[in-house]
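Okay, structure first, notes after.
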Amino acid sequence: MKADIGVIGLAVMGQNLILNMNDNGFKVVAFNRTVAKVDEFLEGPAKGTNIVGATSLEDLVSKLATPRKVMLMVRAGDVVDQFIDSLVPLLEEGDIIIDGGNTNYPDTNRRYASLREKGIRFIGAGVSGGEEGARFGPSIMPGGDPEAWPFVKPIFQGIAAKTEQGEACCDWVGKEGAGHFVKMVHNGIEYGDMQLISEAYHFMKEGLGLSADEMQAIFTEWNKTELDSYLVEITADILGYKDEDGEALVEKILDTAGQKGTGKWTGINALDHGIPLTLITDSVFARCLSSLKDQRVEAEKAFNNPILAIEGDKAQWVDALRQALLASKIISYAQGFMLIREASEENDWSLNYGNVALMWRGGCIIRSAFLGNIRDAFEANPELAFLGLDNYFKDILQSCLPAWRKVVAKSFETGLPMPCMSSALTFLNGYTTARLPANMLQAQRDYFGAHTYERTDKPRGEFFHTNWTGKGGDISSTTYDV
Ligand code: NBP
C-alpha cells in the first residue's frame, strides 16, 4: 500500500508530527538529509509503527500515493528552496508540497507563485505547539493553493489539537502565504503575552516583594479566571521549580532574552501596513533592551535609582495587576487582529477571523480560554474592526480600566519598567479619543514643508496650505515627506 504523505526532516518537529500522523491512521514515509537519522528513527521512536523510511528523494516519491503529498519540516530559508528544487523534477502535475516550517510569508508567496506555474500545488502551513504539540495535537495554519486543501485536510485536521467541543484547531486560512502570515502574527502575540506575564511577575517580585511560592499560587489562581491559558499555567510551574539548593531556578536565569525573528517580522509588517501594533512591537524592543545586559548594569550604577517598594494592601495590588494583565492582553489581541484584517484586505485573502481564533484555541503556545471569546466576537460580527468594541471585551476593558491605570501609574512612580502594559493603556487612551493632537503635527508639517492640512470646518478631502511666516510661498509640497 502506498503512503498517504511523505515527511522530510527528522528533527524534533518532523519526528513528532510523523508519530502523530501514524497514531491517527495515516501511512507516512520519512526522509532526512542525513539519511542515517531515518534508520535511527525507524529503530527508535518509530519502531513497531506503520512508518516507513526512504533512502533518497526518489525512493520517497516512489512510495507515495497520488496526488503525492510531501511535507517539509526542515530549517526555514534556503533549505526549503533546495528541497523544492530537488523535488519538482520527481513530481507530477497536481502533486502537493507543504512547507510546515517557520517561514516568512513573502517566501511562501514566492514559492506558491513559482510552483503554480509548474503545476505543483503548494501549501505553506504554520505549525505551533512545539514538541508536545507536534506529537499530540498542534495548531496548524495552512494557506496556499486552495485546490490542495481537500487532499491535506483529513491528515491535518486528524492530527491537530481539538477544542473541548471536538473542533480541530486547523482550518484553511487563505491563499498564497496567508497561513504563514497568520502564524507570524501568532508568534508576535506570543511575544506580547510572554512580556505581559513577565511584567506582572516583575511588579509582584520587585514592587510587592512577593516570593516565588507566593507568585506561583497567584498565577495558579489567575489560571482559573479569564486568564486561563497555557502561558499562565507554565509560569506557575516555572515559579514552583526549585534548583538543587531549594531556591527558585528562575531567579538564577540570566535576564537576557533571545529571539528568532518572528516577533520582529510582525512588528516590521505592522509598520509596513501602518497598523499601530504597539504592544507586540514593544515586546520585541523589551527583548532587545534585555540583551543590553552589560550596559544596563553600568547604567544602574550611574543613575542609582532603585525600584521603590509598592506600599499598600498586597492582595488589592495583586487583583489590580490581574486586571491590568487581562486588559493589556485584550489590547494585544485586538491589535494583532487589526494587522490580520489589514493584510487580508490588502492581499484579498478573505480571512475568517473567527476561524483564526479557533485555530489558536488549542495546541499552540498562545492557547487560552479567552480565544473562544474572540471567536464568538468575530462570529457575531465578522467585520469587527477593533476587538475591544465587542460587548464582552468592552465590558472587561471598562471594568478593568481604573485598576489598570493605577498599576501603570504606580509602575512609573516607582521606576518599575512596564513597557507593554503601559503601551496597551496608551493605545486604548488614544483609540478612544476622538480628537488627538495630530492637528498640531499637521500644522508643523505644513509650516516647514508645505504639506497642507484638512480643516475641521470644511469637508474631508479639501486641502489647505498657510503661509505661516509670511515669507514662504503659496506652493504646497507633493514630494517632500516627513
Ligand atoms: P530544525 O529547524 O532544527 O531543522 C532541522 C532539519 O533541517 C533537519 O532535518 C536537518 O537535516 C535539516 N537541515 C538543516 Br538544519 N540544514 C539543512 C541543509 N542545508 N540541507 C538539508 N537539510 C537541512 O528542526 P525543527 O526544530 O524540527 O523545526 C522544523 C521547522 O519547524 C523549522 O522551520 C522550525 O522553525 C519550525 N518550528 C519549530 C518548532 C520547535 O518548537 N522546534 C515549533 C514550530 C515550528 P539534518 O538532520 O541532516 O541536519
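As the structure lists them, so they are numbered: ligands from 1, and atoms in each ligand from 1. Quick caveat, the model's predicted, so the values are computed rather than measured.
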Sequence neighbours excluded, which residues qualify as side chain to side chain contact (heavy atoms under 4.5 Å, CB included) partners of Ser211? Asp213, Glu214
For [atom], closest protein heavy-atom neighbour:
atom: atom 29 (C) of ligand 1; result: Met73 O, 3.6 Å
atom: atom 32 (C) of ligand 1; result: Val74 O, 3.4 Å
atom: atom 5 (C) of ligand 1; result: Ala11 CB, 3.6 Å
atom: atom 35 (O) of ligand 1; result: Asn102 CB, 3.3 Å
atom: atom 10 (C) of ligand 1; result: Asn32 OD1, 4.4 Å
atom: atom 4 (O) of ligand 1; result: Arg75 N, 3.4 Å
atom: atom 45 (C) of ligand 1; result: Val127 O, 3.6 Å
atom: atom 49 (O) of ligand 1; result: Arg33 NH2, 2.9 Å

Any salt bridge linking Lys205 with Glu251? Criterion: basic side-chain nitrogen under 4.0 Å from a carboxylate oxygen. yes
Taking 4.0 angstrom as the limit, do Asp59 and Lys63 come out as a salt bridge? yes
Just to be sure I read this right, does ligand 1 sit under 4.0 Å from the backbone of [X], its side chain, both, or neither, counting only heavy atoms?
X: Lys37; answer: side chain
X: Leu10; answer: backbone
X: Thr34; answer: both
X: Val79; answer: side chain

All salt bridge (Lys or Arg N to Asp or Glu O under 4.0 Å) counterparts of Asp95, not counting sequence neighbours: Arg68
Under 4.0 Å to a heavy atom of [X] - the qualifying atoms of ligand 1, by number:
X: Ala76; result: 33 (O)
X: Gly130; result: 41 (O)
X: Val12; result: 26 (O), 27 (O), 42 (N)
X: Gly9; result: 9 (O)

Do we get Arg287 above Tyr191's six-membered ring, with its NZ or CZ under 6.0 Å from the centre and within 45° of the axis? yes
Is it true that the NZ or CZ of Lys175 lies under 6.0 Å from the centre of Tyr112's six-membered ring and within 45 degrees of the ring axis? no
For a quick test of reading the model, state the closest non-hydrogen atom pair linking Ser128 to Ile365 and the distance between them. OG-N, 3.5 Å
Mind checking whether Phe393 and Phe386 have ring centres under 6.0 Å apart? no
Answer with yes or no after comparing the ring centroid distance for Phe181 and Trp349 against a 6.0 Å cut-off, counting only values under it. yes
Side chain of His273, backbone of Asn269: donor and acceptor closer than 3.5 Å? yes
